[in-house]
2 protein chains.
Amino acid sequence: MKTETRRQNLRDALIAAAERAIAANGLAGVKARDLAAEAGCAVGAIYNAVADLDELVFAVNGRTLAALERSLDDAARPARKKAASPAEAATARLVHLAVAYLEFVAANTPRWRAVFEHRLPDGRAAPDWYVAEQSRLFTYIEAPLRDLQPELAAGQHALAARTLFSAVHGIVTLGLEEKLGVVPLAMLRAQIEIFVAALAGGLVATRSR
Amino acid sequence: MKTETRRQNLRDALIAAAERAIAANGLAGVKARDLAAEAGCAVGAIYNAVADLDELVFAVNGRTLAALERSLDDAARPARKKAASPAEAATARLVHLAVAYLEFVAANTPRWRAVFEHRLPDGRAAPDWYVAEQSRLFTYIEAPLRDLQPELAAGQHALAARTLFSAVHGIVTLGLEEKLGVVPLAMLRAQIEIFVAALAGGLVATRSR
DNA sequence: TTTTCCTATTGAACGTCGTTCAAGAACGGT
DNA sequence: ACCGTTCTTGAACGACGTTCAATAGGAAAA
């Protein structure tokens, strides 16, 4: 069964080539002929290792999600400062997470943009493993949110985590995108710290009303 | 000078065709041959009325920005409830603006997505009139923010307006994009009301510290 | 009006893209 | 060693944005 290993090797080479292409030129840099040249095969051979170029993009995006998770884990490890209250500790963790997200995206901008720019045609859906990976990342946000608003129903935390992530994602994405005025990274970090802290504080205040 | 009016007419027809194409099939629906067929001209004639297809997209996006501004104006008109404090009035206006934004985007999803999906190749910049239009829209956010945090330096309000817009934009965009779980519009509106109100409340609380 | 020049218009053609396919090469089981 | 199956190849296909030589037609001069 050497043909199967060769197929796997080609697949890996293509994924690696696609990852380099995305890092260098974004999603638009993923071109069948270039990938074939870099992986050392003919254009047509791509379609034995992979159904689509879309499948390659999903593979690369999956690796990017895994890399983000590693960054979030590293960011969560240290810190552990004493906090006056559980709510303050939760707020600090949310701010920390948001800043870690900002820094990951800043350090991996083209790779990360590919995660959100990629759209598959018509009604085709993302692979299950990909959705699962994406979903699991939200648990990082749900845990502090539970500490922040323990009285909320279970499903509400998942919804709030989506909303909070979307908000931070918007700030990070539009901030790094220089479409409307260039915002230095340090200023962006400061804004995120202010806004996430204010948001968390506001949520806690809402609770007691 | 009939040729000049004909050129203008063709330009208008092409913009209208592009707008229909975007509304129906998104940015990817803008195709030279289809536009030419719908505008009743040959493919090559497009390039007499317009430099690029990008120019057409910018024209359509400009119209979309104008439509958003009309929606925001309409949304700002009524309401005018009595508020206990300037801060509460400002918060209510920010929530109102965010909800109006959500509803505009929900009612014009493909058109609005085109505004953010459109990327021009290499180092070409957006036209000046387009940047100005986009910039002017931020003043809608800056005014309530000034009421909310009067002690902030002038430039800070512009920065905070960008950040707040980015956050709401993230919530709206990822919420309407059904990539990760479908969130009903009503639920999305509730989330926005909660989050913007909490954020505004948190910002006010930060001020007094 | 007639003639002339110039520019607008046309649609075939170019280069690039993802994907497919007929042909030939290489593999795996017997 | 053989043969059926499968993989690999690169030319070919259709679609895309854009360009261009050829032609048609309007504007200015006679």
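Proteins come first, then strands; the chains are lettered A, B, ... in the order of their sequence lines, and each starts at number 1.
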Notebook entry, point to check: Between C:dG18, D:dG17, C:dG11, which nucleotide has the shortest distance from any of its atoms to the side chain of B:Val43?
Noted result: C:dG11

Next item on the list: May I have the distance from A:Leu35 (atom CG) to C:dT19 (atom P), rounded to whole angstrom?
Entry: 11 Å

Item checked: Length of the line joining B:Asp54:CG and D:dT18:C1', which is rounded to integer Å -> 12 Å

Next item on the list: Check every atom of D:dT9, D:dT18, D:dG26 against the side chain of A:Ala45 and return the nucleotide holding the closest atom.
Entry: D:dT9

Margin query: Counting only side-chain nitrogens and oxygens, does A:Asn48 get under 4.0 Å of the OP1 or OP2 atom of D:dT8?
Written below: yes

Checklist line | Parallel, tilted or perpendicular: rings of A:Phe104 and A:Trp112 (30°, 60°) | finding: perpendicular

Notebook entry, point to check: In whole angstrom, what separates B:Lys31's NZ from D:dC16's C1'?
Noted result: 8 Å

Check: To the nearest Å, how far apart are A:Leu120 CG and C:dT19 P?
Finding: 12 Å

Note to self: Among D:dT9, D:dT18, C:dT20, which nucleotide has an atom closest to any side-chain atom of A:Cys41?
What the structure shows: D:dT9

Notebook entry, point to check: Any chance CZ of B:Arg189 has more than 12 other-residue heavy atoms, nucleotides or ligands included, within less than 6.0 Å?
Noted result: yes

Item checked: A:Ala51 vs A:Asp34, nearer the 5' end of DNA chain C by closest nucleotide -> A:Asp34

Notebook entry, point to check: Where does the angle between the aromatic ring planes of A:Phe116 and A:Phe165 fall among parallel (under 30°), tilted (30 to 60°) and perpendicular (over 60°)?
Noted result: parallel

Notebook entry, point to check: Just how far, in rounded Å, is C1' of D:dG26 from CZ of B:Arg6?
Noted result: 8 Å

Check: Atom CD1 of B:Ile46 and atom C1' of D:dC16: how far apart are they, to the nearest Å?
Finding: 12 Å

Notebook entry, point to check: Nearest to the side chain of A:Tyr47, which nucleotide is it out of D:dG17, C:dA8, C:dT20?
Noted result: C:dT20

Checklist line | Rounded distance (Å) that lies between atom C1' of D:dT9 and atom CG of A:Leu10 | finding: 13 Å

Notebook entry, point to check: Between A:Glu55 and A:Arg11, does at least one N-O distance fall below 4.0 Å, as a salt bridge requires?
Noted result: yes

Notebook entry, point to check: Taking atom types as modelled and ignoring hydrogens, do the side chains of A:Asp73 and A:Tyr140 form a donor-acceptor contact shorter than 3.5 angstrom?
Noted result: yes

Margin query: What is the separation between atom CZ on A:Arg7 and atom P on D:dT6, rounded to the nearest whole Å?
Written below: 11 Å

Next item on the list: Could you tell me whether B:Arg33 contacts a base, only the sugar-phosphate backbone, or nothing, with contacts defined as non-hydrogen atoms closer than 4.0 Å?
Entry: base

Notebook entry, point to check: How is B:Val50 classified with respect to the nucleic acid when contacts are heavy atoms under 4.0 Å: base, sugar-phosphate, or nothing?
Noted result: nothing

